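To keep things clear, I will list the structure first and then write my remarks on it.
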Amino acid sequence: MSHRRCVGFLASIVALMLPLAPACAFDDAKYPDWKGQWIRLPPTGGQWDPTKPPGRAQAAPFTPEYQAIYEAGVRDNTVGGHGNNATPTCTPPGMPRAMIVYEPMEIIIRPEITYIHIEFMSQFRRIYTDGRAWPATIDPAYAGYSIGHWEDTDGDGRFDTLVVETRGMKGPRTFDGNMPLHQDNETIVQERIHLDRAKADILRDDITTIDHALTRPWTVTRSYSRERNPHWYEYPCGENNEHVFIGKENYLRSADGHLMPARKGQAPPDLRYFNRTRN
Amino acid sequence: MRFRASLSAIACMTALAIAPAQAFDDSKYPDLRGVWMGTGGNKWPAPAPLTPEYQAIFEANLRDQAAGGHGDTPTVECLPPGMPRQMNVYEPMQIVITPEMVHLLIEHVKDSRRIYTDGRTWPSELEPMFQGYSIGQWLDEDGDGRFDTLAVETRGLKGPRTYDSTGIPMHKNNKTVVKERIYLSKTNPNILHNEITTIDDALTRPWTITKNYRRDPPRSQPYWWREAVCAENNPHVKIGGEVYMVSADGHLMPTRKDQPAPNLKYFAPAQQRSER
């Protein structure tokens, strides 16, 4: 009888608790805690491999053709041009450059998708973890399309590493402010995203880029530090963007709003479509 | 033995029920998963209850548009539409609910929003943003033990903003407050309503309208969200306060009859002469 009472009591507790644990509850304890705001490390500098100085010291394993395109971009930079960099037009950097994380990043983990929201140009990555396969055709995107899966690498019963592959990219894209990716846009980016084992507020992204501009896959590790009480702000690229592109020429917008040359001796835009008697 | 097995099963169920302190019980929230499309067009319903001053600005915008201009719609420069206009939902919207925040993910220009539902209060200062800052609260209006309505207030906005592409203006002081009630239709769970009340000094009274969104039916194939990049192939450029177009052959062209060409005072005179 006392046993029956005990069972009945426990059953009552369970009955009370069951509504709190519905079948569709998302058990986020299975996933790592990546909440908060992630800021790139180091917080300044825009080179792709953060362990090396920017420029030629990056030692990108370019093919001769793309090494020449890179060098041409460097020369253009020296005379006031943007080299191979497309972002002054406010087109997003795309993958893998997005993971430089110029402005803070938020990661939202759900069972079927992990969202990576980077404020810089409002880049948004959806990493599908619902077991889907690659479609036969992909509408290209700067961010590409990402399929991922979770791994429990230390066997503690909890996922710790998000393994991602990204394909279906659009160009032009560069690794950083100048180093080009191949114009065929057949880039594949593979990532392993995980917390640092010793520091819970440091996130690592081991990024391997496979691209026809390279002689071999190129792996770098980007790192991010966590701000647990973030202040979020927006980064609308179009606001106060001083770069003006007309045809293939890049100009600047002066503080008083007028067009000005971006490099010495640059010709003004062709005004053939304006009523010349008024100009 | 059987008793021990029963106890063990009950203990297991109890453990499951209590288990992870941080487990997110999404059955407490409405099912807003899927792909939400704006319905009913992207215009705010006329007439807007504008003050005489802002009615005059609106009419000037209409005249400018009739002449080929853009009538003070900042989105032509790829500036975000901001609140409340972004709730036109120009591109498909995804809603992600977490206990502390609701994310409205809209690709378009920069239309995604964070709605804080963690119980925070308004800070003493807000850095203005086109989307503003949104604090929300989940309500169980029908008392069934489950949240059904998200009540949101948005402040801390930045301009310029308009309600829609016709150029209905918002006050330049940007003291707009937007209140929303977002809930599923009681008769059709694939329709989402958003009652939007805008309080703005350009208006003679709070202006309430309802935007509706339709959930795309489930597909046999997984949905791949697509990217929208405003700056890509945007033909509009703003120079010296004037919006021009870049023609298909890459040259600057006017957007309206007799629009003056841009002032080229920063170019060397010899170059200007040779250009002409």
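Chain A is the first sequence line, chain B the second, and so forth, proteins listed ahead of strands; every chain is numbered from 1. All figures in this text were calculated on a predicted structure; none of them were measured in a lab.
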Problem set entry | Interface moiety of B/Asn234 toward chain A, non-hydrogen atoms closer than 4.5 Å | neither

Problem set entry | Basic-acidic side-chain contact under 4.0 Å: B/Asp118, B/Arg120 | yes

Problem set entry | Residues that A/Asp201 engages under side-chain contact (heavy atoms from CB on, under 4.5 Å), provided they are two or more places apart | A/Arg226, A/Arg228

Problem set entry | Distance in Å, A/Asp270 CG paired with A/Ile246 CD1, rounded so as to fall on 0.5 Å steps | 10.0 Å

For this session: Let me know if A/Leu259 has heavy atoms under 4.5 Å from chain B in its side chain, its backbone, both or neither.
Result: both

Exercise. Would you call B/Arg114 and A/Glu119 a salt bridge, taking side-chain N to carboxylate O under 4.0 Å as the test?
Worked result: yes

Exercise. Does any heavy atom of chain A fall under 4.5 Å from the side chain of B/Tyr116, the backbone, both, or neither of them?
Worked result: side chain

For this session: Answer with side chain, backbone, both or neither: which region of A/Ala133 has an atom nearer than 4.5 Å to a non-hydrogen atom of chain B?
Result: backbone

Problem set entry | B/Asp148 with B/Lys28: basic N within carboxylate O range, under 4.0 Å | no

Exercise. For B/Phe130, is it the side chain, the backbone, both or neither that has a heavy atom under 4.5 Å from a heavy atom of chain A?
Worked result: both

For this session: Without swapping roles, check the side chain of B/Arg155 against the backbone of B/Gly132 for a donor-acceptor pair under 3.5 Å.
Result: no

Exercise. Checking heavy atoms, do the side chain of B/Leu126, its backbone, both or neither come under 4.5 Å from chain A?
Worked result: neither

Problem set entry | Atom pair CD (A/Gln123) and CD (A/Glu103), whose distance is rounded to the nearest 0.5 Å | 10.0 Å

Exercise. Between B/Gln221 and chain A, which part of the residue has a heavy atom less than 4.5 Å away: side chain, backbone, both or neither?
Worked result: neither

Problem set entry | Interface residue of largest heavy-atom contact number with chain A, from B/Glu127, B/Glu242, B/Gln94, B/Lys257, under 4.5 Å | B/Gln94

For this session: Identify which part of A/Ile113 has an atom lying under 4.5 Å from any heavy atom of chain B, answering side chain, backbone, both or neither.
Result: side chain

Seminar exercise, completed: Most heavy-atom pairs under 4.5 Å with chain A, out of B/Leu252, B/Ile239, B/Val229, B/Val237, belong to B/Leu252

Exercise. With only heavy atoms counted, which part of A/Ile147 is less than 4.5 Å from chain B, the side chain, the backbone, both or neither?
Worked result: side chain

Problem set entry | B/Asp140/B/Arg146 salt bridge by N-O under 4.0 Å criterion | no

Exercise. Can a donor-acceptor pair be found between the side chains of A/His243 and A/His82 at a distance below 3.5 Å?
Worked result: yes

Problem set entry | Selection from B/Gly240, B/Pro235, B/Pro254, B/Cys78 maximising heavy-atom pairs under 4.5 Å formed with chain A | B/Pro254

Problem set entry | Heavy-atom contact with chain A under 4.5 Å, split by part of B/Leu79 | side chain

